[in-house]
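The structure under discussion appears below in the form of structure tokens.
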Amino acid sequence: MLHLHFICRQVAGSHKQAVIFVLCVALSLLTLTSVGGFSSNVRSSMLQDARKLNGADITVHSHYPFSEPLLHAIHRYEQQGAVQGALVNRFYSMARNPQREQSMLCDLKVVEKGYPLYGKVELLSGREFSAVLRQGSIIVEQVLLGRLQARIGDALQIGSTLLTIADVVVLEPDRPVSFFSFGPRIFIAADDLEQLDLIKKGSRIQFDYLLKVQDPALVDQLADKFYAAAEMPNEHVRTYRNDNSRIKRFFDNFLFFLNLIGLFTLVLAGIGIQTSLYAVLRESDYTIAIMKSVGATSRVIILHFMAMVMLLGTVGTLLGLILSLALQLYFPTLFAKILPVNVNLTIPWMVVFQGLLLGIMVVSLFSFLPLQRIKNLKPAFIFRKETDRAPQGLLHYSTILIIVVFFLGLVIWQLKDVRTGIYFMLGLCSLISLTALITQALLKVMKKITFRSLIFRQALRGLFRPNNATRAIITTLSASLAVLFSIYLIDHNLRATFIESYPPDLPNAYFLDIQPNQQKEFTDILNMKAEYFPIIRARLASINNQRVNRAKRRVGMRDTLTREFNLTYRNSLLKDEQMLEGKTLFGSRLEELHNAGEVPVSVLDTVAEMGNINLGDLLVFKVQGLAIKARVTSMRTRTESKVRPFFYFVFQEKTLKDAPRTIFSAARIDRSQLSKVQNKLVSRLPNISVIDIASTVEILGAIMHRMSAIIEFFTVFSIAAGLLINVSSIFATRLTRIREAVYFKVLGARNSFVVKVLTYENLIVGLFSAALATVISQVGSWIICRQVFNIPYQALPASTAIMVAATLVLVIVVGLGASISILQQKPIGYLRDERTN
Amino acid sequence: MQTSAIKKMLHSLAIIFWLLPALLLTACEQQQAPSKPAQHPPPQYKGTIIAVGDSLTAGLGVMENEAWPALLEKKLQNNGYLWQVINAGISGETSSGLVSRIQWILSRQPDVVILETGANDGLRGIPPAVIRQNISNAVQILENGNVTVILAGMQIVQNLGADYTDEFADIYPAIAGKQGCLLIPFLLDQVAGEPGLNQADTIHPNRKGHKIVSETVYPYVLQAIKARPEF
């Protein structure tokens with residue numbers, strides 16, 4: 001039989017703590033559901049982007065017309081309605097403007113009805129792509145009109161037929177990510193294929209069958225079926241998930257990071273709830289002692305407190321859910337400016353359910369631990385204020401085990417991957433255990449040291465008073481801070497690798513095959529700042545007298561040592577390069593090398609890794625039959641996200657300047673300028689090829705930009721929420737730290753003394769926690785960045801220092817703020833009361 | 001925020017670019033067998049043939065000793081002609097690049113030069129007139145240097161359109177006719193367009209393809225050798 005009255009009075013009695021507890025639960029839930037809902041939304045938005053970029057769910061590819069069995073398999077599923085397909089043929093061809101006698105190489109894409117399966121092809125006129133592209137019409141890129149001096153409505157000669165320009169393409173959704181082209185795009189309707197008469201023996205055509213699968217869950221299954229019907233080795237089948245491109249890695253990493261934040265938030269929420277719950281129950285020690293003294297059984301006491309906690313927990317949970325619903329409603333208005341249009345916050349029921357589960361179950365599970373200690377609680381302990389020495393029984397540890405398993409379940413549910421979930425839990429458990437152990441050790445050490453300053457000594461003693469929760473406070477604070485620090489560090493490194501290292505001066509046009517005697521004229525034509533690189537082709541014959549052969553190629557490496565390389569010469573590092581080993585590019589033993597018939601060479605770390613090349617190794621290159629013996633004198637690495645031209649091997653100018661070479665140039669150029677330059681080049685230096693990467697850059701740039709905004713938002717949101725949770729935790733545990741303040745005052749200490757002691761107490765707690773958190777977060781973030789994401793890791797010492805300082809300030813301010821009331825009260829009031837209110 | 005290039009795209013692009021001169025769109029392995037060290041030319045060679053060209057000569061996708069210049073040398077020596085064949089093919093090179101390095105080639109003092117170029121120009125749609133001018137210059141310089149030139153006729157992929165492909169194919173007989181060098185009508189005769197004789201990219205011969213190419217070249221090389229004054 002529950003005494004409601006008792007419960008209500010109990011709540012009223014420690015209402016401050018109760019409020020904090022409820023807020024903690026509510027906040028934790030709010031963060032959890034928002035992050036969860038947001039994350040699932042972002043995830044589907046990103047997958048949609050991936051499909052759009054790929055143009056299909058399944059792509060079947062070949063250099064020859066498709067075989068019968070494969071076509072048969074595809075048609076069967078098309079008839080069933082399981083897939084929708086569109087044939088696309090891509091090839092280069094000359095397009096001629098008969099009126100101006102101008103012709104140029106163009107990148108043709110002959111598409112069936114139904115293309116594009118995902119996304120939209122945007123036209124200059126704004127019309128529907130499928131409406132404009134009919135038999136006899138073509139859609140071209142703007143730059144073609146400039147080059148061929150044609151207009152919309154003019155006819156172009158392509159192959160054996162004349163086709164009319166109907167419109168201009170502004171955006172092509174599935175332009176392959178590894179895209180570069182020697183000519184502008186021309187879209188042609190499949191109906192015109194026969195008229196073109198360009199697909200025949202001796203032609204080089206890319207045949208693609210793009211497939212959209214009705215039921216996304218069947219993608220892999222269907223892909224396997226087509227793979228089985230495909231004719232090896234010519235026909236390839238791939239899905240938008242395994243296209244093996246770098247963009248997929250980028251998406252994967254970000255999605256994982258979102259997951260990570262979700263998990264971290266889960267941990268933070270759990271910690272927050274646990275801390276404030278513990279504080280609530282501690283408050284009631286005295287009451288419990290009295291209840292036991294007057295004869296209440298442990299069972300009754302436990303039942304009532306359980307009920308109280310459940311009541312508060314439920315209130316907190318509901319409050320949290322209401323808040324998240326409110327956030328969902330106001331989300332667009334609040335964040336419309338920051339976030340892209342198609343990402344919204346709709347919290348799926350699953351997430352709500354998860355939140356509810358967490359709120360109620362965690363509260364009850366976590367309260368079980370302190371509550372079951374009531375059984376062994378002797379009232380005398382409380383009255384005499386002795387240190388609690390109740391042994392931790394089997395029940396205690398099995399409860400902890402249940403909590404761990406429960407969390408593991410939630411984690412696995414979130415990640416949808418058992419192995420990663422287990423790793424994460426193991427990591428988390430080690431994090432918390434490690435924190436506890438280190439805290440314990442540090443505190444032991446601190447106990448032994450004596451300090452001269454009275455204030456400091458008192459502060460220290462204060463932390464070790466009986467029934468202190470110092471270890472618990474430091475542990476939870478460190479753990480949650482570690483989580484927050486980690487989020488910041490990982491976020492920063494992810495963005496540094498994928499997004500931020502695209503400086504504004506990055507080249508967007510490459511010029512190939514400039515002959516040395518054409519350089520001056522080229523510079524005149526370009527008439528702007530550009531980078532020039534001499535290119536000498538050579539092969540690597542041997543490393544340390546061991547021949548380079550096929551066996552040297554490492555599995556999984558995208559590049560190989562057995563191909564021809566582009567050697568270059570210069571005397572300095574490129575803008576995005578850094579010395580990894582060696583002081584200067586070519587070292588200081590040039591005389592020695594010269595006498596040995598060798599030349600110095602600087603090697604990039606990526607190729608060094610490929611071939612196991614080290615400083616001091618001997619590399620023999622073959623430059624068209626001529627052998628060059630080169631000694632590795634330095635190693636370089638690229639610091640940005642590898643978006644500039646790179647060079648594996650760099651020589652001194654005198655080594656290679658007489659070798660046959662071409663010049664490669666990279667410039668950042670306006671679209672309008674580029675067509676002018678291209679026109680001039682065509683007439684004066686026609687052998688120079690231009691690779692225009694600007695438009696592809698724009699497409700992906702938009703996506704990256706969006707990602708950046710989203711991730712930023714996520715990070716800030718979780719960190720803000722985490723901070724709030726921390727604040728409430730600190731607040732919740734303030735009581736354990738102010739008791740002495742009163743006694744000091746009784747003994748005659750001024751307020752300033754008390755403030756100083758309190759400050760030092762909070763400072764010590766803050767310092768330990770921040771230091772511990774820093775160490776753990778650095779290690780954890782390093783592991784995640786290097787091992788999971790495979791990106792370079794920056795430790796960000798400045799930011800870390802700021803985070804530590806901010807933590808200290810936070811802990812001190814909140815800790816002091818919570819204790820202000822004590823300072824204002826007359827000690828006698830407190831002594832009479834024995835409990836602060 | 002900057003609207004600049006994208007890691008993924010540019011990284012792949014950069015990689016592909018650097019493989020581009022190894023003939024566009026393909027990344028294949030290369031095996032470098034140690035060629036005869038230039039520092040110690042074996043004195044017993046009667047003469048030097050240099051095979052100058054692009055990836056079709058360099059042997060993109062096959063080992064160097066499986067490419068047609070190496071096979072040619074073996075065949076020559078097996079038939080008693082102690083001549084060396086140097087492979088000076090550079091993947092991705094256009095006719096302009098070839099002209100640029102023709103002095104370098106001359107400095108190696110060849111007796112016979114097999115000139116094979118133009119395919120990469122064609123793949124980039126460079127005007128045939130430019131190609132013709134370049135090849136003509138190269139042939140002229142070589143002939144002035146007392147080198148016997150064998151010009152390898154080339155054809156370009158049919159999808160470029162009949163106008164271009166016809167004009168392209170005419171380049172080689174025209175130059176041979178005007179400047180009097182030997183002409184192999186089509187280097188890839190019986191090889192081009194045959195799935196079984198080419199690699200996955202459909203334009204580079206595989207081992208079997210190179211074997212046939214070496215046999216196509218052989219009679220013209222014999223002709224050149226026999227016509228040399230010092231023979």
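- Figure legend: cation-pi geometry between A:Arg638 and A:Phe646, with NZ or CZ positioned under 6.0 Å from the six-membered ring centre and within 45° of its axis.
- Under the 4.5 Å side-chain criterion, counting only non-hydrogen atoms from C-beta, B:Asn159 is not in contact with A:Lys200.
- Using a distance-only test at 3.5 Å, with no hydrogens or angles considered, no donor-acceptor pair links the side chain of A:Asn566 to the main chain of A:Phe647.
- Donor-acceptor pairing under 3.5 Å is lacking for the side chains of B:Gln155 and B:Thr165.
- One N or O on the side chain of A:Ser203 and one on the backbone of A:Leu198 form a donor-acceptor pair closer than 3.5 Å.
- Each of B:Ser95, B:Gly97, B:Ala192, B:Ala88 has some count of heavy-atom pairs under 4.5 Å with chain A, and the biggest count is that of B:Gly97.
- For the set A:Gln157, A:Arg96, A:Lys201, A:Gln518, the count of heavy-atom pairs under 4.5 angstrom toward chain B peaks at A:Lys201.
- Counting only N and O atoms by type, the side chains of B:Ser100 and A:Gln515 include a donor and acceptor under 3.5 Å apart.
- By a heavy-atom distance cut of under 4.5 Å, B:Gly125, B:Ile126, B:Pro127, B:Val130 are the residues of residues 125-139 of chain B near chain A, going up by number.
- Classification of A:Arg537 and B:Glu93 as a salt-bridged pair fails, no side-chain N sitting under 4.0 Å from a carboxylate O.
- When heavy atoms are compared at a cutoff of 4.5 Å, A:Asp197 does not approach chain B at all.
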